[in-house]
Undergrad: 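My structure is below; once you've seen it, I'll send some questions.
Hydrogens, waters and symmetry mates are skipped; everything else that's a heavy atom, side chains included, is used. Numbering starts at 1 and runs along the sequence shown. Ligands are counted one by one from 1 in listed order, and the atoms in each one are counted from 1 as well.
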Amino acid sequence: MPLRAIRYIEDHFGAFIETLKSLSRIPSISADPLAKDEMKRSAEAVRAAMVEAGLENCEVLEIPGALPYAYGEWLHAKGKPTLLLYAHHDVQPPGRPEHWKTPPFEPTLAGDGRLYARGIVDDKAGIVTHLAAVKAWLATTGSLPVNVKLIVEGEEEIGSDHLEEFLGRHKEKLAADVIVLTDTANLAAGLPSLTYRLRGICNLHIEVTALDHPLHSGMWGGPIADPVMAMAKILASLSDERGAPAICGLFDQVRPLSKREREAIAKLPFDQETFRADAGVQGGVKLVGEEGFGVYEKLWARPSVTVIALEASPIKGSSNQIVPSARARISVRLVPDMDPERTAALMVDHVKKAAPWGVRVHVEVEGSSPGWICVPEGPAFEAAKRALSRGFGREVALIGAGGSIPFVGPFAEAFGGAPALLLGLEDPICNAHSENESLNLDDWKKSMKGAVYLYEELASTAR
Ligand code: BES
Ligand code: MN
Ligand code: MN
């Protein structure tokens with residue numbers, strides 16, 4: 001049944017690419033305190049694109065101290081379900097400039113059918129996917145088969161610190177029957193995927209100090225404790241010889257996979273060589289972690305610990321010194337049913353105990369949010385499966401994700417356990433959070449069609 005709205009996506013795909021490009025030119029880096037104006041400009045640009053798509057009551061929503069959200073709605077489908085559509089307009093910092101093949105904030109189409117820019121797939125394409133579906137329906141039929149409320153967040157990449165406050169303020173306004181996100185991954189290119197579990201996160205900042213000032217390493221080296229060595233010992237103690245987390249009690253609350261889930265995951269396509277190649281793992285480097293767990297289980301259903309930053313003294317300008325202090329940031333991924341506060345306490349305790357020689361250790365918990373899981377069944381999931389398989393011409397995979405989206409859990413809960421449908425856009429080679437981030441345009445078009453079908457499929461489900 002070729003809907004006119006589907007035809008519209010086909011005919012106007014070029015215009016949607018232009019919208020995406022113009023949003024991607026704005027360096028909306030939420031982690032950069034100097035980018036406040038760009039965040040504002042980005043939220044304004046998203047608001048304008050919402051108006052252009054035909055949404056109503058479009059506005060930039062501000063909370064004191066928070067980065068701006070954009071909001072728009074279309075609520076004329078009487079008696080039909082209401083969808084809360086979500087994406088985020090903030091992006092990661094671009095990383096090492098010399099590693100970008102094209103400028104990060106000048107979206108560039110390459111010969112491989114991918115569009116390159118920072119935030120292009122995470123998550124500006126997610127914004128435009130929602131806008132395209134809305135526009136395609138409105139332009140061809142003058143209405144939508146469902147009610148929609150589109151919320152585009154401005155601080156997802158820095159932990160969504162104002163989520164509770166935002167929810168408190170706007171709960172009535174945002175109330176919905178179903179939540180639809182376009183901020184997760186497809187398991188492989190061309191394979192439409194619905195994500196039913198996310199990991200949570202807990203980040204820590206560690207500082208080790210031992211000296212008032214740097215010392216001549218020859219005059220003092222030997223009896224004097226080196227805080228960088230101390231930091232190295234602390235970090236080394238976070239994993240065991242298999243490369244699995246070695247924090248006492250960390251696994252106590254991990255919910256094991258059910259037999260059913262284990263069987264479903266085992267059926268998903270997986271090829272170790274492809275996985276290694278997609279990740280860019282160099283020859284001879286082993287995959288690590290707990291024995292007896294598959295790669296997907298380690299990624300989606302087991303906690304992990306990563307050193308995301310480490311500094312003591314730069315190589316450039318270094319000299320024969322014992323440096324006075326060292327700093328690191330640690331990121332712990334959590335899974336259901338791990339309690340973020342308990343996990344943070346275990347980490348702090350571990351780090352303090354691992355510090356040798358009486359060096360001073362200061363540990364700060366930067367923020368945390370729990371993992372999320374749902375049962376991917378029921379009318380909304382069935383509708384989404386039909387819609388995506390129509391869009392892609394291929395059966396849908398139900399998958400987990402290693403990444404985190406703090407928004408999902410609290411909002412699904414606030415709306416009485418509303419189903420949350422997480423539609424994939426990223427793919428294994430998209431380089432989200434890395435240099436040369438890119439979007440697979442072919443799959444993007446299929447996702448837009450999936451989103452168009454989704455409104456039709458959800459319209460016939462009960463409110
Ligand atoms: N879109 C990602 C999360 C994601 C990626 C989920 C792939 C599923 C599959 C999101 O933008 C992200 O990066 N989130 C942060 C959250 C953190 C700052 C709380 C993350 O996971 O590091
Ligand atoms: Mn994202
Ligand atoms: Mn991200």
Side-chain angles (χ1 to χ4, degrees), residues 23-24 28-32 42 67 85-95 117-130 151-164 180-188 191-205 278-279 296 299-301 303-306 308-309 329-335 340 343-344 365-374 397-410 420-435 437-440 443 447:
L23 293 179
S24 304
S28 47
I29 306 163
S30 48
D32 181 357
S42 173
L67 295 167
L85 312 175
Y86 170 96
H88 60 89
H89 70 94
D90 64 321
V91 306
Q92 286 282 322
R118 166 56 82 228
I120 197 95
V121 69
D122 183 13
D123 182 30
K124 290 189 175 172
I127 306 171
V128 182
T129 307
H130 292 309
I151 184 79
V152 179
E153 195 191 339
E155 48 185 24
E156 196 276 342
E157 296 290 10
I158 50 170
S160 304
D161 280 345
H162 299 82
L163 216 53
E164 291 297 322
V180 182
L181 284 88
T182 45
D183 189 29
T184 50
N186 289 325
L187 195 61
L191 178 59
S193 311
L194 279 167
T195 296
Y196 66 89
R197 61 146 83 216
L198 296 165
R199 288 200 289 190
I201 195 166
C202 170
N203 280 9
L204 303 141
H205 186 277
D278 288 347
Y296 291 146
L299 285 174
W300 303 340
S304 67
V305 179
T306 306
I308 59 170
R329 289 181 74 207
I330 308 295
S331 176
V332 184
R333 295 289 168 169
L334 321 178
V335 298
T343 304
V365 180
E366 294 178 340
S368 64
S369 94
W372 171 80
I373 186 166
C374 74
L398 295 173
I399 66 170
S404 314
I405 310 175
F407 176 89
V408 182
L421 306 172
L422 278 54
L423 279 49
L425 282 182
E426 297 172 359
D427 65 13
I429 60 164
C430 71
N431 274 14
H433 293 204
S434 179
E435 294 105 11
E437 178 178 347
S438 70
L439 168 71
N440 177 328
D443 278 0
S447 297

Undergrad: With heavy atoms of P406 as the reference, note each atom of ligand 1 found under 4.0 Å away.
TA: 19 (C)

Undergrad: List the residues meeting salt bridge (charged side-chain N to carboxylate O under 4.0 Å, His left out) with E155, not counting sequence neighbours, and say none if there are none.
TA: none

Undergrad: Quick one: do the S42 and H89 side chains pair a donor with an acceptor below 3.5 Å?
TA: yes

Undergrad: Of the backbone atoms (N, CA, C, O) and the side-chain heavy atoms from C-beta on, which set of R333 has a member under 4.0 Å from an atom of ligand 1: side chain, backbone, both, or neither?
TA: side chain

Undergrad: Does a donor on one side chain sit under 3.5 Å from an acceptor on the other, for E426 and T184?
TA: no

Undergrad: With D161, which residues qualify under side chain to side chain contact (heavy atoms under 4.5 Å, CB included), at least two apart?
TA: none

Undergrad: To the nearest 0.1 Å, how far is atom 15 (C) of ligand 1 from its closest protein heavy atom, and which atom is that?
TA: S404 O, 3.5 Å

Undergrad: Determine, step by step, whether D123 and L425 satisfy the side chain to side chain contact (heavy atoms under 4.5 Å, CB included) criterion, reporting the C-alpha distance in whole Å, the side-chain angles of both residues, the deciding distance to 0.1 Å, and the verdict.
TA: CA-CA 9 Å; D123 182 30; L425 282 182; 4.3 Å; yes

Undergrad: Salt bridge check: are R118 and E435 linked by an N-O gap of less than 4.0 Å?
TA: no

Undergrad: Report the nearest protein non-hydrogen atom to atom 5 (C) of ligand 1: residue, atom name, distance rounded to 0.1 Å.
TA: E426 OE1, 3.3 Å

Undergrad: Can you check which of D123, L425, D183 brings a heavy atom nearest to atom 4 (C) of ligand 1?
TA: D183

Undergrad: Under a 4.0 angstrom heavy-atom cut-off, which atoms of ligand 1 come close to H88?
TA: 11 (O)

Undergrad: Is there a heavy atom in D122 that sits closer than 4.0 Å to ligand 1?
TA: yes

Undergrad: Identify the heavy atoms of L191 and L187 that sit nearest to each other, and give their distance.
TA: CD2-CB, 3.8 Å

Undergrad: Does E157, backbone or side chain, put an N or O under 3.5 Å from an N or O of ligand 1?
TA: yes

Undergrad: Mark up the atoms of ligand 1 that fall under 4.0 Å of a heavy atom belonging to I201, in ascending order.
TA: 19 (C)

Undergrad: Check the angle between the aromatic planes of W300 and Y296 and answer parallel, tilted or perpendicular using the 30° and 60° thresholds.
TA: parallel

Undergrad: Strictly by salt bridge (Lys or Arg N to Asp or Glu O under 4.0 Å), give each pair with a member in residues 397-407 just once, sequence neighbours left out.
TA: none

Undergrad: Assess, by modelled atom type and distance only, whether the side chains of D122 and H433 contain a donor and an acceptor separated by less than 3.5 Å.
TA: yes

Undergrad: For ligand 1, is Q92 a contact, meaning one of its heavy atoms is under 4.0 Å away?
TA: no

Undergrad: Could you state the interatomic distance from OG (S438) to CD1 (I429), rounded to the nearest 0.5 Å?
TA: 6.0 Å

Undergrad: Taking only heavy atoms of T184, which atoms of ligand 1 are found under 4.0 Å from at least one of them?
TA: 6 (C), 8 (C), 9 (C)

Undergrad: Under the criterion side-chain contact (heavy atoms from CB on, under 4.5 Å), which of S404, P340, S369, P303 is the partner of L334?
TA: P340

Undergrad: Using a 4.0 Å cut-off to any heavy atom of A185, which atoms of ligand 1 qualify?
TA: 9 (C)

Undergrad: Would you say T195 contacts ligand 1, with heavy atoms under 4.0 Å as the rule?
TA: no

Undergrad: Could you find the nearest protein heavy atom to atom 8 (C) of ligand 1 and give me its residue, atom name and distance?
TA: A401 CB, 3.3 Å

Undergrad: Can you tell me if S369 has a non-hydrogen atom under 4.0 Å from ligand 1?
TA: no

Undergrad: State whether the shortest distance between N or O atoms of E156 and N or O atoms of ligand 1 falls below 3.5 angstrom.
TA: yes

Undergrad: Could you establish whether H433 and ligand 1 come within less than 4.0 Å of each other, counting only heavy atoms on the residue side?
TA: yes

Undergrad: Run through the protein N/O/S atoms less than 2.8 Å from the Mn ion (ligand 3) and write them out by chain and number.
TA: D122 OD2, E157 OE1, E157 OE2, H433 NE2

Undergrad: Supply the atom-to-atom distance D183 CG to I405 CD1, rounded to the nearest 0.5 angstrom.
TA: 4.0 Å

Undergrad: Against V91, only a single residue in S28, S30, S24 fulfils side-chain contact (heavy atoms from CB on, under 4.5 Å); can you say which?
TA: S28

